[in-house]
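Keep in mind that what you see is a predicted model, and the values were worked out from it rather than measured. The sequence lines fix the lettering, A, B, ..., with proteins before strands; numbering per chain opens at 1.
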There are 2 protein chains.
Amino acid sequence: MATENKLFDKYIPVLKNCELFNGMTNEHWRELLVNFHEEKWPKETCMVNHQKFLFHFYIIVSGRIKMYNVDEFSEKEHTLFLLKESDVFDLFCLMDGTRHHVYYECLDNIKVLAIPMDKLKLWLNKNPVYYQHFLSYAGKMMRMLESNVSQLIFTDISTRLLRLLVNNVNSNSKQLEHINDLPNKEIANLIGSTRAVVNRHLQRLKKNGSIKIARKQVEIKDISILLKELENQNKKI
Amino acid sequence: MATENKLFDKYIPVLKNCELFNGMTNEHWRELLVNFHEEKWPKETCMVNHQKFLFHFYIIVSGRIKMYNVDEFSEKEHTLFLLKESDVFDLFCLMDGTRHHVYYECLDNIKVLAIPMDKLKLWLNKNPVYYQHFLSYAGKMMRMLESNVSQLIFTDISTRLLRLLVNNVNSNSKQLEHINDLPNKEIANLIGSTRAVVNRHLQRLKKNGSIKIARKQVEIKDISILLKELENQNKKI
DNA sequence: GAAGTTATGCTACTTAGGTAGTTTGCATTT
DNA sequence: AAATGCAAACTACCTAAGTAGCATAACTTC
């Protein structure tokens, strides 16, 4: 009884921010958290088709994990999602119980709350009200993936890079977050391009004064220039 | 009472083939079908953000409907899904109840079974067992979208076209189905390219003897050549 | 503080795919 | 059967993005 209260008290803000369990009462949280335990994974931990992922469900409480795909022939990587605080995984395995062919890598030192998949399923059957939550969350993910697909088809690398930057500016601090300390290679993986090409575009943005770059560091200097560029990208036929 | 029995008897094979309701008993089908009615939409009917779609859920019983996206600037189209017999839509609206920003167009004369969204939701709440079905179906769709994204990033147009062809060969008849009577433009929309480029690749395939083409007609002549081409595409770095 | 590693910056080159425009041919309509 | 319209075929051209390679800078670690 003490454990789950401790977990809950410790991570209230993170858990409350968890979209999948949006609006869940404290009582239900405590009931669910009985089954959770905390795990720590060091930075750069790489999880390749880990059996464990079929059997556990995780809530990230601190750090970033990239979920990515590797092309078996070209060995190129594509980052599908950059998971962070309050994100959960793997929803896919929860939903249909089959193995999800993706890879995971910790970009920071990670803390997660873990629950055995079958216990989550039991809890869900006991509280079927939350099925609705899960469905609508899945719906949101699908829309995200769908717009992702369209963006890949409709827009060029330069636009995709601009969007990536603009979408990761914290509206309060006006500073780039989540992706600000990634090397060019990781940025390329996020938008489906290569290091050289991303660097070419970043250099252009540096020259027009909108960003500042250093080793593993991108900083926004003038977001209005970025926004203007984005508009022009759209206009040019 | 007569109506839903008639609907069920009329469309047994189609409904039983419906993945979303996979394994549902006849009794449950009859219970659910009470709320359905049949609708016919003529070929080329175009549905643009139809309010109706928020309030109804459809099962296609005959004909094809393309679900597509349009880039507001370039006005290019991208076909997300080619829905056919036994497919359902719009799952997204069912799942989170918000408007789905896509377009629909009937490629054939269409027959659908329609149910008011809230009645489906009521039925689902009465039979929460089926939430699990819906979740796992959504999971499958997500995996599909995900692999779609990766394919766009990892493979070129030529490979995407080859895959499209190979994936739509009926394993019994060995003939191309679903996409065999589409104009080049529609094929282009399916793989995220343009008519001219698709035609260029089709000409190449015609020359190597793997396909036969005519106005709005693609026919497989030798699938082994297509499969060999696909293999080579993968090998070349 | 030397050696090794990783990330960036840049140049030069190649190529697939997009674009534009014209011709040809098939099919529907009147 | 003539006329219209759409789809396909083909040519020529342009460009963004991928590729290869190397020099330099910035961190590690021993």
If you round to the nearest 0.5 Å, how far is CD1 of B/I65 from CD of B/E85?
12.0 Å
Side-chain-base donor-acceptor pair under 3.5 Å for A/R200 and C/dG9:
no
A/C93 side chain near A/M117 side chain, heavy-atom distance below 4.5 Å:
yes
Tell me which of A/R195 and A/R160 sits closer to the 5' end of DNA chain D, going by the nucleotide each one is nearest to.
A/R160
Which of residues 210-222 of chain A sit near DNA chain C, with a heavy atom under 4.0 Å from it?
A/I213, A/R215, A/K216
For the pair B/N69 and B/T79, evaluate side-chain contact (heavy atoms from CB on, under 4.5 Å) and give the outcome as yes or no after the intermediate values.
CA-CA 6 Å; B/N69 233 320; B/T79 305; over 6 Å; no
Rounding to an integer number of Å, can you tell me how far A/L202 CG sits from C/dA7 C1'?
13 Å
Rounded to the Å, how far apart are A/E44 CD and D/dT28 C1'?
13 Å
Roughly how many Å is it from CD1 in A/I153 to C1' in D/dA16, rounded to a whole number?
17 Å
So does B/S193 get a side-chain nitrogen or oxygen closer than 4.0 Å to the phosphate oxygens (OP1/OP2) of C/dG18?
yes
Is any side-chain heavy atom of A/T45 closer than 4.5 Å to a side-chain heavy atom of A/I110?
no
Proximal nucleotide (of D/dA17, C/dT8, C/dG18) relative to the A/P183 side chain:
C/dT8
Below 4.0 angstrom from OP1 or OP2 of D/dC10, is there any side-chain N or O of B/Q203?
yes
Here the distance between atom C1' of D/dA8 and atom NZ of B/K207, to the nearest Å, is 13 Å
Ignoring the backbone of B/V197, work out which of C/dG9, D/dT19, C/dT19 is nearest its side chain.
C/dT19
Between B/H201 and C/dG17, does any side-chain N or O lie under 4.0 Å from OP1 or OP2?
yes
Is it the case that the side chains of B/H201 and B/Q203 hold a donor-acceptor pair, with the cut-off being a distance below 3.5 Å and no angle test?
no
Between C1' on C/dG17 and CG on A/L152, what's the gap in Å once rounded to a whole number?
16 Å
Please give, in whole Å, the distance from C/dT19 P to B/E75 CD?
13 Å
How close or far is atom C1' of D/dC10 from atom NZ of B/K206, stated in whole angstroms?
11 Å
Inter-end axis angle, the helix from C/dG1-D/dC30 to C/dT30-D/dA1, with every axis fitted to five base pairs (rounded, 10 degrees)
50°
To the nearest Å, how far apart are B/I187 CD1 and D/dA9 P?
11 Å
Side-chain atoms of A/D156 come closest, of D/dA16, D/dG18, C/dC10, to D/dA16
Would you please say whether a donor-acceptor pair under 3.5 Å links the side chains of A/Y11 and A/E38?
yes
Looking at A/E229 and A/R204, is any side-chain nitrogen of the basic one under 4.0 Å from a carboxylate oxygen of the acidic one?
yes
Would you call B/E177 and B/R64 a salt bridge, using N to O less than 4.0 angstrom?
no
Check A/Y103, A/Y104, A/F57 against A/F89 for a ring-ring contact (aromatic ring centres under 6.0 Å, His included) and give me the one that passes.
A/Y104
Quick check on C/dA16: is either OP1 or OP2 less than 4.0 Å from any side-chain nitrogen or oxygen of B/S158?
no
Is B/N199 near enough to D/dA8 that one of its side-chain N or O atoms lies under 4.0 angstrom from OP1 or OP2?
no
Any salt bridge linking A/E77 with A/K185? Criterion: basic side-chain nitrogen under 4.0 Å from a carboxylate oxygen.
no
Quick one: which of C/dT19, D/dA9, D/dT19 gets closest to the side chain of B/N184?
D/dA9
